[in-house]
Amino acid sequence: MARDFSFRWVKLTAVGAVMALSALPAWAQVICGGHDYLVARLAAAFEEKRLGYGVAGQAAIFEVFVSPSGTWTILMTDVKGQSCILAAGDGWEDTRATTVGQPGG
């Protein structure tokens, strides 16, 4: 039950993020396209490779791509196979996983 509840919030957050980002000016809109095409563009333009991914219930897969220079991208792929870049930036730092409440967590 707690697992279903958290997935519900993830789904709502993802939908809300996409809706909020689509209201931004054209230059800041979410970029969508085929998964293979976007992944190839991230590799060619930024040398980004997939660091990891997570499944949001049956709604979507979220992937994090990172380059050696520190650029990063979050890519969401929905159940229809449509992929969208939700966020991107630089300054990525790999950190050791810690429990909340511990130093660094």
Side-chain angles (χ1 to χ4, degrees):
M1 174 131 174
R3 192 166 173 85
D4 291 336
F5 176 78
S6 65
F7 283 139
R8 212 171 307 138
W9 280 108
V10 170
K11 290 179 203 176
L12 290 173
T13 302
V15 170
V18 170
M19 291 175 65
L21 290 172
S22 66
L24 296 174
W27 56 268
Q29 285 191 1
V30 175
I31 298 170
C32 297
H35 182 269
D36 292 341
Y37 173 77
L38 290 177
V39 170
R41 295 299 304 145
L42 291 173
F46 303 103
E47 298 180 5
E48 291 185 1
K49 296 180 181 177
R50 186 170 72 179
L51 177 67
Y53 68 92
V55 179
Q58 295 178 353
I61 295 173
F62 290 84
E63 298 171 280
V64 176
F65 291 82
V66 177
S67 75
S69 66
T71 63
W72 57 268
T73 303
I74 297 176
L75 185 71
M76 178 192 75
T77 304
D78 67 17
V79 294
K80 295 179 183 176
Q82 177 77 3
S83 294
C84 295
I85 295 174
L86 296 183
D90 55 20
W92 181 268
E93 293 287 333
D94 284 330
T95 59
R96 187 173 62 92
T98 59
T99 304
V100 175
Q102 290 184 346

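A quick note: this is a predicted structure, and the numbers were derived from the prediction, not measured.
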* **Qualifying disulfide (SG to SG under 2.5 Å) pairs with a residue from residues 37-82, counting only residues at least two apart or across chains** => none
* Structure fact -> Between Phe65 and Arg50, the two heavy atoms sitting closest are CD2-N, 3.3 Å
* Work out which heavy atom in Phe62 is nearest to a heavy atom in Ala56; give both atom names and the distance. => CE1-CB, 3.7 Å
Return a table of donor-acceptor pairs under 3.5 angstrom between the side chains of residues 74-86 and protein atoms on other chains or two or more places apart.
{"residue": "Thr77", "atom": "OG1", "partner": "Ser83", "partner atom": "OG", "Å": "2.7"}
{"residue": "Asp78", "atom": "OD1", "partner": "Lys80", "partner atom": "N", "Å": "3.0"}
{"residue": "Asp78", "atom": "OD1", "partner": "Gly81", "partner atom": "N", "Å": "3.0"}
{"residue": "Asp78", "atom": "OD1", "partner": "Gln82", "partner atom": "N", "Å": "2.9"}

* Asked: Which pairs with one or both residues in residues 30-42 pass side-chain hydrogen bond (donor to acceptor under 3.5 Å, both in side chains), sequence neighbours excluded?
  -> His35-Glu63
* Any pair counted as side-chain hydrogen bond (donor to acceptor under 3.5 Å, both in side chains), so long as it reaches residues 86-95, sequence neighbours left out -> Trp92-Asp94
* To do: Answer with yes or no whether the side chains of Glu47 and Ser69 bring together a donor and an acceptor at under 3.5 Å.
  => no
